[in-house]
2 protein chains.
Amino acid sequence: MAAKNKSTRRIKTAKIADVARVAGVSVATVSRALAKPGMVEAATRARVVAAAKRLGYTPNVAARNLRARRSNMALVVVPNIGNAYFGELLRGIDAALTRRGYGLIIANLDLTSTRDNSPDHEERYVDLAAAGQVDGVLLLNGYVPKGPVRTMLDARVPIVAVGERIRGAKFPQVEVDNRAAAREAVEHLVGLGHKRIAYLSGRPRSHLDSARRSGFRDALTTGEGLEWTGDYYFASGVAAAEAMLRGKPRDWPTALFAASDEMAIGFLKTVLAAGVSVPRDMSIIGFDGIDYARFSDPALTTVVVPRRQIGETAGEMLADLMAGSGDVPAHVRLATELRVRGSTGPAPR
Amino acid sequence: MAAKNKSTRRIKTAKIADVARVAGVSVATVSRALAKPGMVEAATRARVVAAAKRLGYTPNVAARNLRARRSNMALVVVPNIGNAYFGELLRGIDAALTRRGYGLIIANLDLTSTRDNSPDHEERYVDLAAAGQVDGVLLLNGYVPKGPVRTMLDARVPIVAVGERIRGAKFPQVEVDNRAAAREAVEHLVGLGHKRIAYLSGRPRSHLDSARRSGFRDALTTGEGLEWTGDYYFASGVAAAEAMLRGKPRDWPTALFAASDEMAIGFLKTVLAAGVSVPRDMSIIGFDGIDYARFSDPALTTVVVPRRQIGETAGEMLADLMAGSGDVPAHVRLATELRVRGSTGPAPR
DNA sequence: CGCTCGGGCGCAATCGATTTCATAATAAAT
DNA sequence: ATTTATTATGAAATCGATTGCGCCCGAGCG
């Protein structure tokens with residue numbers, strides 16, 4: 001008979017009892033030696049650690065989570081993981097959470113300019129991720145998804161919202177002062193002598209967009225304001241430019257304030273291709289401060305949102321909450337910075 | 001006496017036994033009714049489902065994972081989550097994995113141009129994430145991290161590598177034919193009459209870089225080849241340009257092939273600012289095909305890597321492996337596409 | 001009409017840690 | 001020297017599901 005070589009599907013992995021046996025102590029002691037070093041004598045601990053190392057012991061996390069009722073994982077709900085804006089936010093979140101000992105589970109809603117969110121699709125996504133039984137949730141998407149997250153909210157699982165404010169929510173939020181930032185941006189244009197200024201919006205009716213729109217209106221006390229509808233994405237910047245170009249030049253604004261850099265760049269490229277000179281004929285200003293805003297030609301004037309810092313702050317707040325700290329500020333506002341580059345200049349006369 | 005209002009820290013949540021009681025069946029039946037519908041009578045199942053819904057029952061994942069020895073989670077090790085290149089890859093991975101019922105845990109090594117990876121830092125990161133006890137691992141970083149991942153490899157946890165080939169690895173890999181793609185790119189330059197061409201490298205000694213370098217040499221059968229060292233990041237493109245500009249113009253190449261779009265763009269912006277005309281004086285070609293390659297002026301000619309597709313393919317392969325399917329191809333190569341845009345043109349004479 | 005077969009269901013073992021409670025050993029106090 | 005406080009350790013309960021095994025009962029078969 002040939003040797004039995006039916007591949008052993010399951011590899012035996014050392015468990016705590018094995019370590020206990022090798023170290024000559026009880027499982028309780030092993031657990032303590034590894035988790036709370038202060039509670040066990042140095043010599044004993046050394047034996048345990050040695051045994052664990054020799055056996056290649058790794059605690060079974062499922063068992064630990066079950067008993068301890070914690071997972072040391074946070075769920076991050078993000079509209080689109082491929083987006084440069086969220087990418088930087090994620091880096092900050094990851095830095096803070098990792099520093100505090102938490103892992104990251106990502107629920108990517110994968111919203112794009114062409115695919116909007118359908119609640120069931122979304123629920124399925126989040127469901128899956130939330131199934132990881134997380135200790136806390138970070139919402140980057142501006143609302144509380146149905147399903148598990150809602151349940152977790154009821155179950156008092158800590159939640160922190162980032163960027164978008166969530167109406168009526170009782171959990172902490174981190175954002176920038178969008179209204180003031182927008183006002184500052186538009187005032188920059190007004191200061192350059194622009195009178196006819198357009199606002200290219202983000203996703204309408206969101207808090208983010210309303211705030212920026214308000215700031216736009218605040219600054220435009222005189223002159224004429226046009227309000228166009230966009231959705232933050234590149235394509236809507238292109239579309240807005242094309243629509244404008246189809247109209248009569250004398251109806252064109254002399255400056256554009258876009259609610260995102262992506263749209264601003266789409267708009268810029270399109271009008272440039274049509275022979276419009278920027279900033280001589282038209283000034284353009286964006287919002288977000290993504291890296292690529294520097295790469296356009298002319299480089300884009302923009303409102304820099306401290307995404308990394310926002311992410312870190314939110315991550316720290318969530319970590320505090322998960323650790324049981326009660327005194328977390330309800331609302332944190334970080335400062336933006338208007339970065340003037342080549343895409344804005346004096347109004348044409 | 002005042003009512004005891006010491007906030008109930010832990011909210012009671014329905015467990016399977018509660019559902020069983022309400023539905024008037026055993027816990028075993030509840031488990032089966034919810035997990036394997038075929039095994040239980042329709043009427044019974046309906047009662048169980050109704051009871052579960054009424055109680056707002058959600059299975060405790062830790063318990064399930066412990067018993068079933070699965071977590072339905074995959075670990076993704078990514079060099080830098082904020083990077084546009086990896087962002088798109090992640091979208092593909094997420095799409096495939098979610099479709100197949102797996103959640104995503106991210107281990108972000110957070111490598112940047114200025115921060116290189118230190119093994120311990122890295123191990124800590126991955127450790128934390130791996131602690132989620134995942135069913136499979138996706139490596140986007142070109143090597144097997146020490147610690148948990150290595151252990152998992154030994155324990156036969158499925159692993160799939162993406163992009164970078166990992167030397168001597170026994171697990172499947174998904175990539176593009178970097179050598180052929182690089183050759184095609186450089187041949188494009190040669191075809192335009194360029195004789196003196198420079199290669200701006202990625203992180204030296206990586207498989208990715210060696211392959212592209214080889215392709216560069218393959219195509220450069222005649223003429224002169226310069227080889228400069230970069231690291232894929234924007235700043236190294238700038239640095240390379242500055243170094244070149246410090247030299248005598250007659251030593252300059254007439255064309256540059258950069259191992260990444262970011263470097264190409266950094267280089268492009270820098271030489272442009274110095275008064276060099278592109279593509280009249282110098283042609284530039286990048287690698288990757290990131291969205292922002294279109295935004296530069298002139299738009300960047302580049303080798304488009306099907307990142308989304310790579311991600312989906314790798315995700316599917318890992319899902320197959322996790323599901324126990326043995327017949328997964330050992331090596332998948334996807335096609336690249338040379339996209340010619342404005343940054344390349346005939347060699348100056 | 002008796003026997004086998006199998007679908008539907010329940011009992012109880014099991015997964016692998018953490019943690020309470022009790023106990024033994026040691027140090028401190030009187 | 002005896003009591004008390006302190007500390008280190010062990011025994012066993014516990015977290016909440018999944019699943020092997022076996023029972024019951026009705027259908028199919030000879």
Side-chain angles (χ1 to χ4, degrees), chain A residues 9-49 51-52 55-73 130-133 135 151 155, chain B residues 9-49 51-52 55-73 130-135 148 151 155:
Chain A
R9 189 85 185 82
R10 185 69 61 186
I11 304 291
K12 66 168 184 339
T13 162
K15 48 210 282 192
I16 198 170
D18 300 324
V19 178
R21 185 161 12 82
V22 171
V25 297
S26 74
V27 296
T29 300
V30 174
S31 175
R32 287 190 277 252
L34 266 24
K36 30 201 80 159
M39 282 189 65
V40 58
E41 215 174 4
T44 311
R45 188 159 79 85
R47 293 218 316 284
V48 171
V49 170
L55 297 177
Y57 170 70
T58 310
N60 179 312
V61 184
R64 177 207 304 259
N65 291 351
L66 173 58
R67 174 63 226 226
R69 298 158 161 284
R70 288 182 294 98
S71 67
N72 288 316
M73 286 275 158
Q133 201 100 116
D135 295 344
T151 307
Chain B
R9 188 87 185 78
R10 184 68 61 185
I11 304 290
K12 68 169 182 335
T13 162
K15 48 210 282 194
I16 198 170
D18 300 325
V19 178
R21 185 159 13 80
V22 171
V25 297
S26 74
V27 296
T29 299
V30 174
S31 175
R32 286 191 276 251
L34 266 25
K36 29 199 81 156
M39 283 189 63
V40 58
E41 215 174 3
T44 312
R45 188 159 77 86
R47 295 217 315 283
V48 170
V49 170
L55 296 176
Y57 170 70
T58 311
N60 180 311
V61 183
R64 177 207 305 263
N65 291 352
L66 173 57
R67 175 61 225 229
R69 297 158 163 285
R70 288 182 294 97
S71 67
N72 288 316
M73 286 274 157
Q133 199 99 121
V134 296
D135 295 343
T151 305

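Naming: A, B, ... by sequence-line order, numbering from 1 per chain. Atom set for the values below is all heavy atoms of this structure, side chains included, hydrogens, waters and symmetry mates excluded.
Remark: C1' of C/dA13 and CG of B/L66 are 13 Å apart, rounded to the nearest angstrom. Atoms CG (A/N60) and P (D/dG16) sit 16 Å apart, rounded to a whole Å. Taking atom CD1 on A/I16 and atom C1' on C/dT19, their separation rounds to 11 Å, with Å as the unit. Distance, A/R70 CZ to C/dT18 P: 9 Å, rounded to whole Å. Straight-line distance from the CG atom of B/N65 to the P atom of D/dT19: 12 Å, rounded to whole Å. One atom, CE of B/M39, and another, C1' of C/dG6, lie 12 Å apart when rounded to the nearest Å. Residue B/D18 contributes atom CG, which lies 13 Å from atom C1' of D/dA17 at whole-angstrom precision. We find that CZ of A/R45 is positioned 16 Å from C1' of D/dT7, with the value rounded to whole Å.
Closest approach of A/V25 and A/T44 over heavy atoms only: CG1-CG2, 3.9 Å.
Nucleic acid contact for A/V25: sugar-phosphate only, since backbone atoms but no base atoms lie under 4.0 Å from a heavy atom of the residue.
Summarising the geometry, atom CZ belonging to B/R45 is positioned 13.0 Å from atom CE belonging to B/M39; distances are rounded to the nearest 0.5 Å. One distance of note links OG of B/S31 with CZ of B/R64; it measures 8.0 Å at 0.5 Å rounding.
Contact of the B/Y57 side chain with the B/L34 side chain is registered, since non-hydrogen atoms from C-beta on lie closer than 4.5 Å.
In summary, the side chains of B/N65 and B/S71 do not present any donor paired with an acceptor at a separation below 3.5 Å, with no hydrogens or angles considered.
Nearest to the side chain of B/E41, among C/dC9, C/dT19, D/dA17, sits C/dC9. Nearest to the side-chain atoms of A/R64 among the listed nucleotides D/dA17, C/dT18, C/dA12 stands C/dT18. When distances run from any side-chain atom of B/A28 to the nucleotides C/dG10, D/dG10, C/dT18, the shortest one goes to C/dG10.
Residue A/K36 places at least one side-chain N or O closer than 4.0 Å to OP1 or OP2 of C/dT19. Side-chain nitrogen and oxygen atoms of A/S26 include none within less than 4.0 Å of the OP1 or OP2 phosphate oxygen of D/dA11. Between B/R67 and C/dT14 there is no side-chain polar atom (N or O) within less than 4.0 angstrom of OP1 or OP2. Phosphate proximity of D/dA17 to B/S31: absent, as no side-chain N or O sits under 4.0 Å from OP1 or OP2. Distances shorter than 4.0 Å separate some side-chain N or O of B/T44 from OP1 or OP2 on C/dC9. At the phosphate of D/dA17, OP1 or OP2 sits under 4.0 Å from a side-chain N or O atom of B/Y57. An OP1 or OP2 oxygen of C/dG16 is reached within less than 4.0 angstrom by a side-chain nitrogen or oxygen of B/R69.
The residue among B/T58 and A/R32 whose nearest nucleotide of DNA chain D lies closer to the 5′ end is A/R32.
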